[in-house]
Amino acid sequence: MEYKNFQTFSVEVKAGVAWVTFDFGPVNVQGQEMLADLGSLALRLERDRSIKVVVFQSANPEIWVCHYDTNLLRDMSEEAVSREEAKLLDLQSVCERISKLPQATIAKIEGYARGGGHEFALACDMRFAARGKFKFMQMEVGMGILPCGGGASRMARQVGLGRALEIILSARDFDADEAEAYGTINKAFEPEELGPYVDNLANRIAQFPAESINAAKQMVYESIDKPIDEALKAEAYWLYQATSKTAAIKRFTWADEQEAQFSMESQHNWSDMVMQIQSIERDD
């Protein structure tokens with residue numbers, strides 16, 4: 001699979017990780033060009049099981065991804081529509097498609113991510129940001145609308161009701177430490193620490209089976225909307241989707257034959273051992 005001919009970003013694939021670097025001057029605005037590129041990228045990734053992780057970063061030291069192109073919003077109707085007539089915006093559709101990718105997705109944010117840029121980050125599975133460089137804002141209420149790239153839909157699922165409303169209704173900047181405390185990002189790092197952490201995390205995940213990554217990801221997302229009894233049944237379903245396509249049973253057999261699970265040494269070293277057994281593959 002080739003990852004070329006994008007207008008708003010470049011893609012470098014290394015050891016199962018796709019590094020997507022936004023570079024669409026001057027501010028990485030989310031216009032038709034970027035949405036088209038992201039749709040094309042998603043189409044390729046949906047078919048490519050050799051890539052396990054996708055990291056989104058920026059070549060611009062001040063901007064990760066800017067807001068949605070306001071020229072596109074100017075074309076919106078000023079007439080109210082019914083629920084039945086309402087259709088998804090392009091930004092909503094693209095962000096939802098990114099959120100459903102079979103790969104683990106990581107937003108590595110070293111600059112501003114406001115409006116649609118922040119909503120795109122929320123559509124990723126994980127978010128890590130640099131102190132002193134990262135700021136996010138949902139400015140839409142101040143403009144007379146509401147977050148409409150999934151921000152109003154995903155925010156409360158991410159941070160809870162009260163914090164979601166504070167973020168959306170205040171229409172102010174939040175820095176990296178506030179974002180970590182509120183839960184919109186996984187963790188804030190000093191700028192020099194961000195790169196190594198994301199590198200290590202992405203490369204670790206990329207060594208695991210593509211199908212178990214996808215099954216775990218789909219199940220976690222699915223669980224958000226289900227009562228616990230339905231979620232547990234879905235969990236069992238996704239378990240068998242994984243075991244049918246990975247070397248899980250063979251790895252469990254190895255652990256039993258080596259008596260690894262009963263070894264205190266193994267208990268001390270599970271973090272390393274889980275990487276060592278990645279060499280055990282299915283026979284078929």
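Owing to the predicted nature of the structure, the values given are computational and were not obtained by experimental measurement. Along the sequence shown, residues are numbered consecutively beginning with 1.
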Closest heavy-atom pair and its distance - [X], [Y]:
| X | Y | value |
| --- | --- | --- |
| Q30 | L91 | NE2-CD1, 3.6 Å |
| V55 | K108 | CG1-CB, 4.0 Å |
| L45 | Q103 | O-NE2, 2.8 Å |

Could you tell me whether the side chain of [Y] reaches within less than 4.5 Å of the side chain of [X], counting heavy atoms only?
| X | Y | answer |
| --- | --- | --- |
| D177 | F134 | no |
| I167 | M155 | yes |
| K217 | D125 | yes |
| Q7 | Q32 | no |
| Q57 | I106 | no |

Might you work through the side-chain contact (heavy atoms from CB on, under 4.5 Å) test for K4 and S10, ending with a clear yes or no?
CA-CA 7 Å; K4 298 179 180 179; S10 61; over 6 Å; no
Are a donor atom and an acceptor atom from the side chains of [X] and [Y] found within less than 3.5 Å of each other?
| X | Y | value |
| --- | --- | --- |
| S82 | E85 | yes |
| R172 | Q138 | no |
| N214 | Q218 | yes |

Keeping to residues at least two apart or across chains, list the salt bridge (Lys or Arg N to Asp or Glu O under 4.0 Å) pairs with something in residues 134-145.
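Qualifying pairs, neighbours excluded: none.
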Residue pairs passing the salt bridge (Lys or Arg N to Asp or Glu O under 4.0 Å) test where at least one lies in residues 12-32, sequence neighbours excluded
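Of all non-adjacent pairs touching residues 12-32, none passes salt bridge (Lys or Arg N to Asp or Glu O under 4.0 Å).
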Taking only Lys NZ, Arg NE, NH1 and NH2, and the carboxylate oxygens of Asp or Glu, determine whether E211 and R49 approach each other closer than 4.0 Å.
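R49 and E211: salt-bridged.
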Do the rings of F9 and F22 sit parallel, tilted or perpendicular, given the 30° and 60° boundaries?
perpendicular
Quick one: does any side-chain atom of N28 pair with a main-chain N or O of C66 as donor and acceptor, under 3.5 Å?
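Pair absent, no side-chain N/O of N28 close to backbone of C66.
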Are any side-chain N or O atoms of D48 and backbone N or O atoms of R44, one a donor and one an acceptor, separated by less than 3.5 Å?
no
Would you sort out whether F136 and Y112 count as a side-chain contact (heavy atoms from CB on, under 4.5 Å), showing the intermediate values?
CA-CA 6 Å; F136 85 86; Y112 299 145; over 6 Å; no
Audit row: Y182, F174, side-chain contact (heavy atoms from CB on, under 4.5 Å) steps and yes/no:
CA-CA 10 Å; Y182 275 43; F174 290 78; 4.0 Å; yes
Show your reasoning for whether side-chain contact (heavy atoms from CB on, under 4.5 Å) applies to V27 and E62.
CA-CA 8 Å; V27 293; E62 295 186 79; over 6 Å; no
